[in-house]
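Written out below as C-alpha cells is the structure these notes cover.
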There are 2 protein chains.
Amino acid sequence: MRTDTKTALLVSAERAARARGFDGFSYADLAADVGIRKASIHHHFPSKAALAVALMARYHAELETACAGIDATHETGGARLTALIDLYRRALDEGRRLCLCVSFSTSRDSLPTEVVGQLQQFRQMMLGWIADVFARGQQDGTIAGVKDPELEAAATLPLLEGAHLAARAQEDASLFDAAVRMLAQRVQGATGGAEASGQA
Amino acid sequence: MRTDTKTALLVSAERAARARGFDGFSYADLAADVGIRKASIHHHFPSKAALAVALMARYHAELETACAGIDATHETGGARLTALIDLYRRALDEGRRLCLCVSFSTSRDSLPTEVVGQLQQFRQMMLGWIADVFARGQQDGTIAGVKDPELEAAATLPLLEGAHLAARAQEDASLFDAAVRMLAQRVQGATGGAEASGQA
DNA sequence: GTCTATATGTGGATAGAC
DNA sequence: GTCTATCCACATATAGAC
C-alpha cells in the first residue's frame with residue numbers, strides 16, 4: 001500500500017512551502033517532484049487555494065498529534081517544554097525549512113481567507129497547549145520562574161518561530177539553539193543547553 | 001526639493017516588501033504607486049535583484065541610525081530596551097507590516113546571494129547593539145536578571161521578529177504586545193506593560 | 001529620464017482525449 | 001486518474017523613440 005498521489009502531493013507541497021513560501025513553489029515544481037504532469041494536480045486540488053487549505057488542515061492535525069505524543073511520553077512540565085523545543089529544532093531541518101505556520105503567516109495576502117482562519121485556530125491550539133505545559137511546570141517545579149502561564153505561552157510560540165526564522169536567514173541551525181538557550185535553561189535539571197547544541 | 005523618483009521607488013518597494021514579501025510585489029505595482037511606467041523603473045534599478053540590494057542597504061543604515069538615536073536619547077539599559085521594543089512596535093503598523101529582515105528571511109531563495117550577506121551583516125549589527133543594551137542594563141541595574149548579554153541578544157531579536165510575525169498572521173497588534181510583555185516587564189520601574197498595551 | 005512597444009518566460013487553470 | 005494541448009494573465013526585462 002504505497003502512498004497515493006494525493007498524499008505525495010501534500011508532502012511535496014509542504015516541503016516546498018516550508019522552504020520557499022507559498023508563492024515560492026508552483027504546480028510545475030510539484031509535478032516534477034511527484035512525477036506526474038501539472039494538469040493532473042488539478043484533479044486532486046482544483047486550485048492552489050484548495051491546496052493551501054488542505055496543507056494547513058494536515059499540519060494542524062499533525063502538530064496536535066505531536067503535542068499529544070509529548071504529553072503521553074513526558075510527565076513533567078519541564079520535560080514537555082524540552083520536548084517542544086526539540087520538536088521545533090527537528091522541524092528546522094538544519095536551517096532549510098520553517099514551520100508551515102511561519103511560512104503561511106508571511107505570505108498571508110496570497111492565501112484564501114479560510115487559511116487565515118485556520119492559522120488562527122492553529123495558533124490558539126498551540127498557545128493553549130504551551131500554557132498547560134507552563135502551568136504544569138509551575139506546579140511541579142520543573143520550570144523556573146513561571147508567574148503567568150498564558151503570558152509565557154504568548155512569548156514562547158513567537159520565540160520558537162522567530163528562532164526558526166533567524167536560523168533560516170543564514171541556513172545555520174546554531175542560531176536556533178542560541179535563541180532558545182535561555183528558555184531551555186529554565187528547565188530544572190537542565191545541563192545548561194549542552195544537549196541541544198552538542199557543546200561540552 | 002521633493003523626493004526624487006529613485007527614493008520614491010525605494011519607499012514604495014520597502015512598504016510593499018514588508019507587507020507582502022519580496023515575491024509579493026511587482027514592477028507594475030511600484031509603477032502604479034509612484035506614477036511612472038514600469039519600464040522606467042529599470043533606469044533606476046536595472047533588475048529586481050539590484051532593487052533588493054538597495055532596499056537592504058537602506059534598511060540597514062536606517063536601523064543603525066535609529067539605534068544610535070536611542071543611545072543618544074536614553075541613558076539606561078532599561079530605557080534603551082523599552083525604546084527598542086517601541087521601535088519594533090511602531091514598525092509593525094498595526095499588524096500590516098513585518099520588518100524587512102523578516103520579510104527577506106522568508107523569501108531568501110528568491111534573493112540574490114549578496115542580499116543574504118547583507119542580511120547576516122544586519123543581524124550581527126543588531127545583535128551587537130542589543131547585547132550592549134543588556135550589558136548596560138546589567139551594570140546599571142535597570143534590567144532584571146541579566147546573566148549573559150550575548151545570550152539575551154540572541155533570544156531578543158528572534159522574539160521581536162517572531163512577535164511581528166504572530167501579529168501579522170492575524171493583523172492584530174495586541175499579539176505583539178502579549179509576546180513582548182514579559183521582556184518589557186524586566187525593565188526596572190516598568191509599570192507592568194500597561195504603557196505598551198493601553199490597559200489600565 | 002520617461003515613454004511605447006515588445007520579447008520571453010512562467011504562473012494557475014481548463015478542455016477534452018485516453 | 002493522467003495525459004496533451006492550449007488559454008490567459010502577469011512576471012521581469014529590453015529596444016529604441018522622444
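Values below: every heavy atom of this structure, side chains too, minus hydrogens, waters and symmetry copies. Lettering of chains follows the sequences in order, A, B, ..., and the numbering in each one begins at 1.
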When the distance from NE2 of His43(A) to C1' of dT2(D) is rounded to whole Å, what number comes out? 9 Å
Lys/Arg-Asp/Glu bridge criterion (N-O < 4.0 Å) met for Arg168(A), Glu94(A): no
Restricting to nitrogen or oxygen on both sides, can you table the protein-nucleotides 11-18 of chain D pairs closer than 3.5 Å?
residue, atom, partner, partner atom, Å
dA11(D), OP1, Ser26(B), OG, 3.1
dT12(D), OP1, Lys48(B), NZ, 3.1
dT12(D), OP2, Tyr27(B), N, 2.9
dA13(D), OP2, Lys48(B), N, 2.8
dA13(D), N7, His42(B), NE2, 3.3

In whole angstroms, how far is the P atom of dT14(C) from the CD1 atom of Ile41(A)? 14 Å
Shortest non-hydrogen pair, Leu175(A) vs Ala166(A), comes out as CD1-O, 3.5 Å
Atom CZ of Arg15(B): over 12 foreign heavy atoms under 6.0 Å: no
Can you establish whether the number of heavy atoms outside Glu75(A) located under 6.0 Å from its atom CD is more than 12? no
Can you tell me if Glu150(A) has over 12 outside heavy atoms packed within less than 6.0 Å of its CD? no
Taking only residues two or more places apart in sequence or in another chain, which ones pass salt bridge (charged side-chain N to carboxylate O under 4.0 Å, His left out) with Arg96(B)? Asp93(B)
Given dC3(D), is OP1 or OP2 found less than 4.0 Å from the side-chain N or O atoms of Ser40(A)? yes
Restricting to pairs with a member in residues 137-148 of chain A, which pass salt bridge (Lys or Arg N to Asp or Glu O under 4.0 Å), not counting sequence neighbours? none
How long is the line joining CG of Leu51(A) and P of dG12(C), in whole Å? 10 Å
Run the salt-bridge test on Glu152(B) and Arg181(A) with the 4.0 Å N-O cut-off and return the result as yes or no. no
Side-chain donor-acceptor contact under 3.5 Å, Thr7(A) with Asp4(A): yes
Can you list, in residue-number order, the parts of residues 100-116 of chain B that come under 4.0 Å of DNA chain C, counting heavy atoms only? none
Would you write out the dot-bracket form of DNA chain D, 5' to 3', with Watson-Crick and G-U pairs under 3.5 Å, [ ] for crossing pairs, | for pairs to other strands and . for unpaired bases? ||||||||||||||||||
Could you state the NZ-P distance from Lys6(A) to dT2(D), rounded to the nearest angstrom? 12 Å
Take atom CG of Asp23(B) and atom C1' of dC10(D), then tell me their distance rounded to the nearest Å. 14 Å
Between Thr5(B) and dT2(C), does any side-chain N or O lie under 4.0 Å from OP1 or OP2? yes
Filter on side chain to side chain donor-acceptor pair (under 3.5 Å), then keep only pairs touching residues 48-63 of chain A, sequence neighbours left out; what's left? Glu14(A)-Arg58(A)
Look at the rings of His164(A) and Tyr88(A) and say which category their plane angle falls in: under 30° parallel, 30 to 60° tilted, over 60° perpendicular. tilted
